[in-house]
Structure formats: structure tokens, C-alpha cells
K.L.:
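First the structure, which I've put down as C-alpha cells, then a few questions once you've had a look.
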There are 2 protein chains.
Amino acid sequence: MASGSVRTAVRPDKAAAEEVPGFRPLYRQVYEVLVRRIAEGVWKPGDALPSEPEIAADLGVSHGTVRKALDELAAENLVLRRQGRGTYVASHDDARILFQFFKIVADTGEHRFPESRILSVDIVDADSDAVQRLAVRAGARMVRLDRVRSVGEKLCIFERILLPKVMFPGIEKRALPNNLYELYRSVFGVTIVRTTEKLKAVGATRSVAKHLDVAAGTPLLQVDRVAFGIDGKAAEWRVSLCLTDTTHYLSDLR
Amino acid sequence: MASGSVRTAVRPDKAAAEEVPGFRPLYRQVYEVLVRRIAEGVWKPGDALPSEPEIAADLGVSHGTVRKALDELAAENLVLRRQGRGTYVASHDDARILFQFFKIVADTGEHRFPESRILSVDIVDADSDAVQRLAVRAGARMVRLDRVRSVGEKLCIFERILLPKVMFPGIEKRALPNNLYELYRSVFGVTIVRTTEKLKAVGATRSVAKHLDVAAGTPLLQVDRVAFGIDGKAAEWRVSLCLTDTTHYLSDLR
DNA sequence: ATTCTTATGTCTTATAGAAGACTACGGCAA
DNA sequence: TTGCCGTAGTCTTCTATAAGACATAAGAAT
């Protein structure tokens with residue numbers, strides 16, 4: 001275990017420091033130790049972390065330094081702090097995922113998880129697009145998943161999802177729930193913490209139009225998303241085609 | 001001036017505290033004082049703030065408390081800290097605005113400020129949509145601005161912008177630059193720090209299609225944005241219709 | 001041009017008290 | 001006895017203060 005004082009590696013004396021450009025402040029190193037432990041599953045989502053003084057003693061740094069590291073973790077939604085109770089590894093439950101990653105909102109402001117219906121599950125080889133987005137090697141075995149999603153009765157999203165088979169062994173044989181990220185975490189130990197999305201407006205192709213029950217050429221919002229795990233590796237590539245006549249994609253910039 | 005010790009108003013004794021639900025920690029109050037001073041122009045964008053110990057002495061709190069307040073300011077991009085030099089009010093220059101608020105990116109990854117050509121400038125009365133988004137009263141005088149934008153030779157955005165006339169007196173008589181937010185700040189003292197955007201896919205209307213030189217019905221990405229100033233007041237409503245055949249809207253979620 | 005000084009922000013540690021939340025225990029009533 | 005309630009104690013995070021070591025940059029002195 002990489003436990004014990006993190007201090008030994010820190011703040012080399014001045015002469016040495018000049019030769020080590022990759023110098024990070026102590027609280028940053030503590031941050032990294034904690035992230036690694038969470039990624040390795042030492043503490044699992046939902047678990048309480050040890051108390052701040054405990055972590056401090058464990059790593060041989062002061063309470064305040066641990067606090068600053070935890071501040072960063074909390075700011076990135078990796079942990080959840082509750083005064084008087086403790087600090088918990090973010091559970092990434094439905095509500096959390098809904099607000100953090102699911103940006104499609106009804107024009108009325110209502111924010112609901114849409115139902116899903118699986119259309120097909122296939123094993124395919126990675127093409128060049130997949131290689132580029134997921135950083136897998138060409139021809140790697142992938143699981144491809146097509147589904148349509150609806151809010152209430154209304155069909156609104158056609159979605160194609162691509163996963164590296166090696167990260168999700170046997171997922172093609174499973175029953176697939178509505179909230180895939182929760183499945184990734186609980187069964188395969190892959191916690192999604194970050195995504196990048198590219199949005200375009202496109203016309204519905206004939207086949208997509210049929211799935212969504214609209215005319216070919218209907219304008220659709222195309223969301224091309226790559227999702228990354230806690231270790232920074234790309235884990236999922238998903239292209240969603242959304243009908244936005246009664247919904248929109250909400251983006252707050254600060 | 002509301003200078004001097006902020007301390008008097010803080011942490012009333014326990015009995016009183018129960019009657020004061022709007023209690024905020026000291027560092028938060030310091031934060032608010034600093035925001036107000038920046039908003040009032042005591043320190044202008046680009047200016048250096050006083051040193052941390054100076055602010056601490058000025059407000060009668062400890063250095064660490066000021067630091068914590070500045071941490072928040074920095075996290076919200078309101079100030080820029082440079083070790084060994086000082087803390088500066090964020091300049092919100094072109095590059096900053098480009099990265100913070102302009103999310104349309106070429107598919108190649110290139111990120112450029114598009115050129116603008118003004119189509120019309122009008123004075124109009126606020127309709128119900130404007131009232132709802134900008135929180136002005138019905139019938140308030142507004143400045144409406146239509147323009148098309150292009151990257152290089154390629155037309156890509158049609159934009160309609162609505163401003164409360166009272167916040168931007170005389171703007172309708174001015175030469176309008178490419179980067180409006182910079183104009184808002186330098187001439188009218190309105191610094192945009194936050195926006196919310198609603199994205200939809202729509203078909204080009206006949207008139208928009210003509211401006212963008214495409215066929216009517218072409219799928220366009222509609223970005224409906226409200227921009228807020230440092231005081232939290234809505235300052236601009238902008239609807240952009242973007243051709244996304246060679247560009248996309250980039251959204252990073254964490 | 002190089003080195004030194006000084007000013008300033010950054011990082012770390014330490015201490016102390018406030019506030020929220022859970023647990024254990026004891027008294028009281030049914 | 002059994003069940004309920006309130007209180008005290010303890011653990012946790014949160015807020016505030018203070019002080020010193022260190023890093024960085026600007027300008028002065030060499």
C-alpha cells in the first residue's frame with residue numbers, strides 16, 4: 001500500500017527543486033493520493049472517508065492541508081462533505097448523474113430521466129472514429145448499443161453507444177438499465193466523472209427518422225459525447241440524436 | 001464608502017444568531033465586499049488589487065480569511081492571481097471571452113473569434129419573451145441588433161441581440177466591434193461574468209436562410225443565451241442560429 | 001549582464017471554538 | 001418490564017486566526 005508519509009517526496013531542497021520542474025504543492029499531492037485511492041476502490045462510492053485528522057495523521061501532514069485537498073475533491077464532485085457526519089465518496093446516483101451529465105431539459109424547465117428501449121446490442125471492431133475518440137487500438141473489440149429514449153409517451157432521443165469490450169466484460173449479455181453510468185460503476189468499477197460533448201444540428205436520416213417517428217430531414221440536435229473515468233481514460237462514446245421541439249440542451253457558463 | 005471593518009456585522013452572539021437566518025461566514029462577507037468594489041469600479045479590470053495583508057488590515061480580518069475570499073473569486077474567474085506579482089481583476093479580454101463564453105469551435109479544433117457584419121440596429125419595446133428573460137418591465141425600451149458572423153469567408157451565424165436601453169445608453173449610435181462584451185465593459189461598465197444557454201436544433205426560416213446563404217429548412221443550432229453582469233442582473237439576450245456543418249458547440253462537463 | 005534586495009503572493013502548520021449529527025444512558029410513564 | 005423521550009457526551013466538519021518558510025518577480029546595485 002502506498003500509505004504513510006507523502007512528505008518524503010515533497011519540497012526537495014532548493015538545489016534539487018530546480019531540477020524537478022514537475023513540482024506540486026503538498027496539498028496537491030495529498031489530493032492525488034486520495035484520488036488514486038478512490039480510483040483503486042480503497043474507498044468505494046458511498047463509503048465514508050476517514051476523518052480529516054485521521055487522514056492527516058496517516059499521510060503525515062497537517063489537518064489543514066488535508067482540508068484543502070478535500071476542498072478540491074469536493075469542488076470536482078468527487079466527494080460529498082456533510083458537516084457533522086463525514087466525507088463520502090460521491091455516489092453518482094441517478095439524481096447526481098441527471099444534473100451533472102444529462103443536460104436535456106423540457107422547455108417547461110422539468111428535468112427527468114428518460115425511459116430507454118434497447119434496439120440492438122452487437123460486438124463490432126473499432127473503426128477509425130472510435131480509435132480517435134476512445135484511444136483504443138484499431139480493430140479492438142467493442143460493444144455497440146442502439147436504443148431509443150422517451151419522456152413519458154414522447155419519443156425524443158435515438159442513441160448509439162460504443163464501449164471497449166475489455167473494460168466492460170460480459171456487458172452484452174446483461175439486462176441494461178436506464179442509467180448506464182450507474183451500471184458501469186456498480187458492476188464494472190468504472191466511475192464516470194467527466195465528459196466532453198460536441199453539439200451539432202443535423203437532419204434526421206431515414207432510419208433515425210423512422211425510429212423517432214418523424215419525417216426524414218427533421219432538425220435534430222446531435223450530441224457526440226466521450227465519457228471519462230476517474231483514471232482519466234475514455235470509457236464510452238455516445239452519439240445522441242435529440243428531438244428538440246419541446247426540449248432543449250441547457251448549458252450554464254461561468 | 002463602505003470601507004473599514006466588516007467585522008461588526010458578523011457572528012452575532014448565539015441568542016441573536018437564531019433570529020438572523022441570513023448569517024454568512026466572515027470570509028463570505030469579505031468576498032461580497034470585494035465583489036461589490038469590483039462591480040462599483042473601485043478596482044477596474046486589469047488593475048491590481050491591494051496586497052492580501054493590506055486588504056486584511058483594511059477590513060479588519062486576518063490574512064487567511066482574505067485568502068479564502070480570494071480563492072473563491074479566483075475560482076469564479078473574477079480575479080487572476082500571479083505569484084510574486086499580485087492579484088488582478090480579470091481583464092475579460094478577447095481570449096478570455098473566447099474561451100469562457102464562445103463555445104462554437106471548428107471541427108478541426110480551431111477556436112477563432114468570428115467576424116461580424118451588422119445588419120440592423122433598432123429601438124423596440126420589450127415583448128413578453130424579453131420581459132421573461134431579461135427581467136425588464138413590459139414595454140421597456142430595448143436596443144435590437146441583428147448581425148451575421150463568419151469565420152474567414154464562410155458565413156456561419158445569424159444573431160439577434162436584445163439589450164435594455166437604459167443599461168447601454170447611446171449604444172445604438174456607436175460603431176459596434178466584433179467583441180461586444182468588451183464594449184459593454186469598457187464603455188458601459190457592464191462586465192459579463194455568467195451566461196445560461198438553451199440549445200435546440202431548428203430548421204432555417206426563409207429569411208435566416210437568405211442571410212446565411214443556405215436552403216430554407218437547413219438544420220441550424222439555435223443558441224438562446226442570457227448574459228448576466230457582475231451584479232447578477234440580466235444584461236443581454238441573444239439568439240444565435242449557427243450553421244454546424246463544419247463547426248460544433250463544445251461542452252465540457254465535470 | 002549578473003547578482004542582490006525587497007515586496008508580494010503561496011504553502012504549510014498549529015490552535016481554538018462553533019455547529020451539526022449520532023449514540024448512550026437514565027428517568028419516566030404505561 | 002417495556003417503550004419513549006430528553007440530555008449529555010463525543011465525533012465530525014466548518015470557520016477563523018496567526019505565524020513562519022518559501023517562491024517569484026521587479027528593480028536596484030554591482
Side-chain angles (χ1 to χ4, degrees), chain A residues 5-34 43 47-75 79-89, chain B residues 5-21 23-34 47-75 79-89:
Chain A
S5 176
V6 76
R7 193 70 161 300
T8 54
V10 84
R11 207 167 277 267
D13 50 78
K14 194 163 184 177
E18 287 163 11
E19 298 159 20
V20 183
F23 170 76
R24 282 182 292 281
L26 189 50
Y27 75 89
R28 206 52 183 130
Q29 298 180 46
V30 172
Y31 166 91
E32 281 158 15
V33 169
L34 297 178
W43 305 307
D47 284 5
L49 267 57
S51 77
E52 295 176 357
E54 253 177 284
I55 297 174
D58 179 21
L59 298 180
V61 300
S62 83
H63 178 193
T65 303
V66 171
R67 259 189 85 59
K68 186 145 186 176
L70 287 176
D71 282 347
E72 305 241 314
L73 271 301
V79 301
L80 181 67
R81 321 177 80 169
R82 283 200 277 171
Q83 181 171 172
R85 311 235 352 229
T87 305
Y88 297 81
V89 181
Chain B
S5 176
V6 76
R7 194 71 161 299
T8 54
V10 85
R11 206 165 278 267
D13 52 76
K14 192 160 184 179
E18 287 163 12
E19 297 159 20
V20 184
F23 169 75
R24 281 182 293 281
L26 190 50
Y27 75 89
R28 206 53 180 124
Q29 298 180 46
V30 171
Y31 166 91
E32 281 159 14
V33 169
L34 298 178
D47 284 5
L49 268 58
S51 77
E52 295 178 357
E54 253 177 282
I55 297 174
D58 179 22
L59 298 180
V61 300
S62 83
H63 180 193
T65 304
V66 171
R67 260 190 84 58
K68 185 146 184 173
L70 287 177
D71 281 347
E72 306 240 317
L73 271 300
V79 301
L80 182 66
R81 318 175 82 169
R82 285 200 274 171
Q83 182 170 187
R85 307 216 20 211
T87 305
Y88 297 82
V89 180

K.L.:
Please enumerate all residues that pass side chain to side chain contact (heavy atoms under 4.5 Å, CB included) together with L70(B), with sequence neighbours excluded.
P.N.:
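With sequence neighbours excluded, L70(B) shows a side chain to side chain contact (heavy atoms under 4.5 Å, CB included) to L34(B), L49(B), E52(B), V66(B), R81(B), T87(B), given in chain and number order.
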K.L.:
Can you tell me how far C1' of dT13(D) sits from NE2 of H63(A), to the nearest Å?
P.N.:
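For the pair H63(A) NE2 and dT13(D) C1', the rounded distance is 7 Å.
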K.L.:
Could I get the full list of side chain to side chain donor-acceptor pair (under 3.5 Å) partners for R28(A), not counting sequence neighbours?
P.N.:
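R28(A) satisfies side chain to side chain donor-acceptor pair (under 3.5 Å) with E72(A) only.
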K.L.:
What is the distance, rounded to the nearest whole Å, between atom CG of D71(A) and atom C1' of dT10(C)?
P.N.:
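Checked: the CG to C1' distance equals 16 Å.
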K.L.:
Could you identify which residues of residues 48-57 of chain B place a heavy atom less than 4.0 Å from some atom of DNA chain C, listed by residue number, or say none?
P.N.:
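Within this stretch, P50(B), S51(B), E52(B), P53(B) sit under 4.0 Å of the strand.
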K.L.:
Looking at every heavy atom in both A69(A) and V30(A), which two are closest together, and how far apart are they?
P.N.:
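Distance-wise, the nearest heavy atoms are CB-CG1, 3.6 Å.
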K.L.:
How far does OG of S62(B) sit from NZ of K68(B), to the nearest 0.5 angstrom?
P.N.:
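If we round to the nearest 0.5 Å, S62(B):OG and K68(B):NZ are 11.5 Å apart.
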K.L.:
For dA16(D) and T65(B) - does any side-chain N or O of the residue sit under 4.0 Å from the phosphate oxygens OP1/OP2?
P.N.:
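Indeed not, no polar side-chain atom of T65(B) lies that close.
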K.L.:
Given dC22(C), is OP1 or OP2 found less than 4.0 Å from the side-chain N or O atoms of R85(A)?
P.N.:
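Result: yes.
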K.L.:
For L70(A) and dT13(D), what is the distance between atoms CG and P respectively, to the nearest whole Å?
P.N.:
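Distance, rounded to whole Å: 8 Å.
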K.L.:
Which residues pass the side chain to side chain donor-acceptor pair (under 3.5 Å) test with E32(A), sequence neighbours left out?
P.N.:
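For E32(A), the residues satisfying side chain to side chain donor-acceptor pair (under 3.5 Å) (neighbours in sequence not counted) are R24(A).
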K.L.:
When we call it a touch if two heavy atoms are under 4.0 Å apart, what does R81(B) touch: a base, just sugar-phosphate, or nothing?
P.N.:
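Answer is sugar-phosphate: R81(B) comes under 4.0 Å of backbone atoms only.
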K.L.:
In whole angstrom, what separates K68(A)'s NZ from dT13(D)'s C1'?
P.N.:
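Whole-Å distance recorded here is 18 Å.
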K.L.:
Could you check how far OH of Y88(B) sits from C1' of dG9(C), rounded to whole Å?
P.N.:
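Spelled out: OH on Y88(B) to C1' on dG9(C) is 11 Å.
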K.L.:
I need the CG-P distance between L80(B) and dT10(C), as an integer number of Å.
P.N.:
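Value for this atom pair: 10 Å.
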K.L.:
Picking from dA16(D), dC11(C), dT13(D), which would you name as closest to the side chain of Q83(A)?
P.N.:
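Out of dA16(D), dC11(C), dT13(D), the nucleotide with an atom closest to Q83(A)'s side chain is dT13(D).
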K.L.:
Using the test side chain to side chain donor-acceptor pair (under 3.5 Å), find all partners of Y31(A) that sit at least two apart in sequence or belong to another chain.
P.N.:
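For Y31(A), the residues satisfying side chain to side chain donor-acceptor pair (under 3.5 Å) (neighbours in sequence not counted) are E76(A).
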K.L.:
Can you measure R67(B) atom CZ to dT15(D) atom P for me and round it to whole angstrom units?
P.N.:
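That distance rounds to 17 Å.
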K.L.:
If you assign G84(A) and Y27(A) each to the DNA chain C nucleotide with the nearest heavy atom, which residue ends up on the more 5' nucleotide?
P.N.:
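That would be Y27(A).
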